[in-house]
Amino acid sequence: QVQFVESGGGSVQAGGSLRLSCAVAGSTYRINTMGWYRQPPEKQRELVAVISSGGVSNYADSVKDRFTILRDNAKNTVYLQMNSLKPEDTAVYYCNAHVQEYFFSNSRSYWGQGLQVTVSS
C-alpha cells in the first residue's frame, strides 16, 4: 500500500515562511509527478505546484516567485518552500503523487490527508 507522511503546516504572519514536506512510503516501484494542491475555506481545490520525476516544475501564477517545489527522489519526498506568505494563501494544502506500484504497469494518483496553513495579516 501507499502511504503519505506530511508535515510543516501551521500559522504564520504575513510575510513569513513555511516549509511543507510529504514523504511517500509503501509499494512504490516508481513515483512520477508529485505536487501540491490547496483548498481555501469553502472553495474548490486548486493546483499550487507540480514537479516531474526529472525535476521540471510548474507553478500557479498566484504563487510563482514566492513558492518553490523540490523533490528528493532518494527519499521519495516532495517539499514546498513557501516564502512571502499572504493571507490569501490560507488553505488546506494537499500532497499529491502519481505512483506506479510493483506488478502494475500504470501509475495511480494518491492524495495526502492535508496540512492546514493559516496566514494572518
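Numbers here simply count residues along the sequence, with the first being 1. A quick note: this is a predicted structure, and the numbers were derived from the prediction, not measured.
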Would you kindly confirm whether V48 and V50 end up in one hydrophobic cluster when ILVMFWY residues are joined by side chain heavy atoms under 4.5 Å apart?
-> no
Exactly one of N83, D89, V117 clears side-chain contact (heavy atoms from CB on, under 4.5 Å) with L18, and that residue is V117
Between Q1 and Y110: side-chain donor-acceptor atoms closer than 3.5 Å | no
CD-CZ distance between Q44 and R38, expressed to the nearest 0.5 angstrom = 14.0 Å
State yes or no: do W36 and V5 share one hydrophobic cluster built from I, L, V, M, F, W and Y residues joined by side-chain heavy-atom distances below 4.5 Å, directly or via other members?
-> no
Atom pair OH/CG of Y59 and L80 - distance to nearest 0.5 Å | 8.0 Å
Tightest non-hydrogen contact, residues S121 and P87, listed as CB-CG, 4.0 Å
Quick one: NE2 on H98 to CG on N106, what's the gap to the nearest 0.5 Å?
-> 11.5 Å
Starting from the C-alpha separation in whole Å, work towards a yes-or-no answer on side-chain hydrogen bond (donor to acceptor under 3.5 Å, both in side chains) for N32 and S53.
-> CA-CA 5 Å; N32 300 121; S53 60; 5.0 Å; no
Residue pair Y37 / R45, side-chain donor-acceptor N/O under 3.5 Å = no
Determine, using the 4.5 Å side-chain heavy-atom cutoff (strictly less than), whether L47 and M82 are members of one ILVMFWY cluster.
-> no
Check whether NZ of the Lys or CZ of the Arg R71 lies under 6.0 Å from the centre of the six-membered ring of Y79 and within 45 degrees of that ring's axis.
-> no
To the nearest 0.5 Å, how far apart are CD in Q3 and OG in S27?
-> 9.5 Å
Measure the acute angle between the ring planes of W111 and Y94, then classify it against the limits of 30° and 60° as parallel, tilted or perpendicular.
-> perpendicular
Would you mind listing the cluster partners of Y102? Hydrophobic ones only (ILVMFWY), side-chain contacts under 4.5 Å, chaining allowed.
-> Y29, F103
Listed partners of T90 passing side-chain contact (heavy atoms from CB on, under 4.5 Å), at least two apart | Q116, T118, V119
Output the distance between atom CD (Q113) and atom SG (C22), rounded to the nearest 0.5 Å.
-> 11.0 Å
Separation between CD of E101 and OG of S107, rounded to the nearest 0.5 Å | 10.0 Å
Examine V12 and L115 and state if one hydrophobic cluster contains both, with Ile, Leu, Val, Met, Phe, Trp and Tyr joined whenever side-chain heavy atoms are less than 4.5 Å apart.
-> yes
Taking every heavy atom of I69 against every heavy atom of S57, the minimum-distance pair comes out as CG2-CB, 3.6 Å
Closest approach of A97 to V24 (non-hydrogen atoms, all atoms of both residues) | CB-CG2, 4.2 Å
